[in-house]
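For clarity, every value in this text was computed on a predicted model and none was experimentally measured. Just follow the structure's listing: the first ligand is 1, and inside any ligand the first atom is 1.
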Amino acid sequence: MTLRPETATDRLMVALDVPTVAEARTIVEETRGAVGVYKIGMQLQFAGGLAFARELAGEGQKIFLDVKLLDIDNTIGKAVENIVKMGVSFVTIHAYPKAMRAAVAARGDAPLALLGVTVLTSMDDGDLVEAGYAEGVADLVGHRALDARTAGMAGVICSPREAKALRGKVGDDLLLVTPGIRPAGADIGDQKRIMTPADAIRAGADYLVVGRPVVGATDRRAAAEAIVAEIEGALGG
Ligand code: C5P
């Protein structure tokens with residue numbers, strides 16, 4: 001189950017990183033049709049986001065549940081079985097081989113794209129050393145992407161800066177989903193490995209995850225449309 005994007009709009013995943021479902025609902029109402037996928041992450045999951053995800057998926061909206069699962073195989077498998085029942089389209093699992101294999105087995109033939117988290121885009125080499133890893137970001141991302149492909153995952157989350165090298169390494173089999181997207185002039189925030197939407201697409205990204213540049217915009221619909229136009233330009237050029 002790879003879930004390839006068809007249009008430029010399909011490729012825009014907006015992160016509903018807000019404290020309440022009421023605020024998330026407003027963002028969806030303002031941007032519906034201009035955004036391909038809504039991503040529901042940790043913040044909203046702890047405030048009714050799972051029921052909201054189920055509701056939107058039930059209306060036919062593509063939903064990305066960013067739960068970043070990591071646990072023992074049995075628990076991962078049971079969690080994935082229940083996530084399949086929610087009707088969401090994408091879910092994240094930390095790219096540990098055993099966890100990914102358990103998730104792939106539990107998903108079976110269900111229309112759920114499993115995405116491996118390689119290295120969070122807020123991390124640099126120094127952060128990995130601090131966390132006890134021997135490999136730097138580039139090596140660890142490449143290593144985990146190959147493990148994701150071997151496990152039968154649909155794709156990986158990576159920085160757009162790693163997209164080009166990863167395409168060379170894993171071929172066209174894996175979807176590359178890239179957060180750390182900032183249109184020119186936007187605030188970087190805590191992201192460390194960023195790129196513009198057009199550059200990310202040119203580097204081989206299939207989907208772009210965008211949070212603050214859309215959610216924090218005065219005119220969110222216009223912000224989403226501008227990103228889609230930039231994606232379209234990069235696909236055509
Ligand atoms: O606001 P911003 O555009 O930085 O949001 C990026 C989103 O992508 C956040 O929801 C963040 O949790 C998520 N993400 C990330 N890096 C990863 C995986 C997910 O930034 N490696």
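- One finds the CG atom of L3 at 7.5 Å from the CG atom of L175 (value rounded to the nearest 0.5 Å).
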Show me the donor-acceptor pairs within less than 3.5 Å that the side chains of residues 130-138 make with the rest of the protein, sequence neighbours left out.
unit_1	atom_1	unit_2	atom_2	d
Y133	OH	Y96	OH	2.8
Y133	OH	R144	NH2	3.4
E135	OE1	H143	ND1	3.1
E135	OE2	H143	ND1	3.2

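- Protein residues with a heavy atom closer than 4.0 Å to ligand 1 are A15, D17, K39, D66, K68, V119, L120, T121, I157, P179, R182, Q191, V209, V210, G211, R212, P213, listed by chain and number.
- Other residues, nucleotides and ligands place no more than 12 heavy atoms under 6.0 Å from the CD atom of E6.
- Between T150 and D147, the side chains place no donor N or O within less than 3.5 Å of an acceptor N or O (distance only, hydrogens not considered).
- Taking the six-membered ring wherever Trp is involved, the centroid distance between the rings of F64 and Y207 does not fall below 6.0 Å.
- A distance-only check finds no donor-acceptor pair linking the side chain of E225 to the backbone of A34 [under 3.5 Å].
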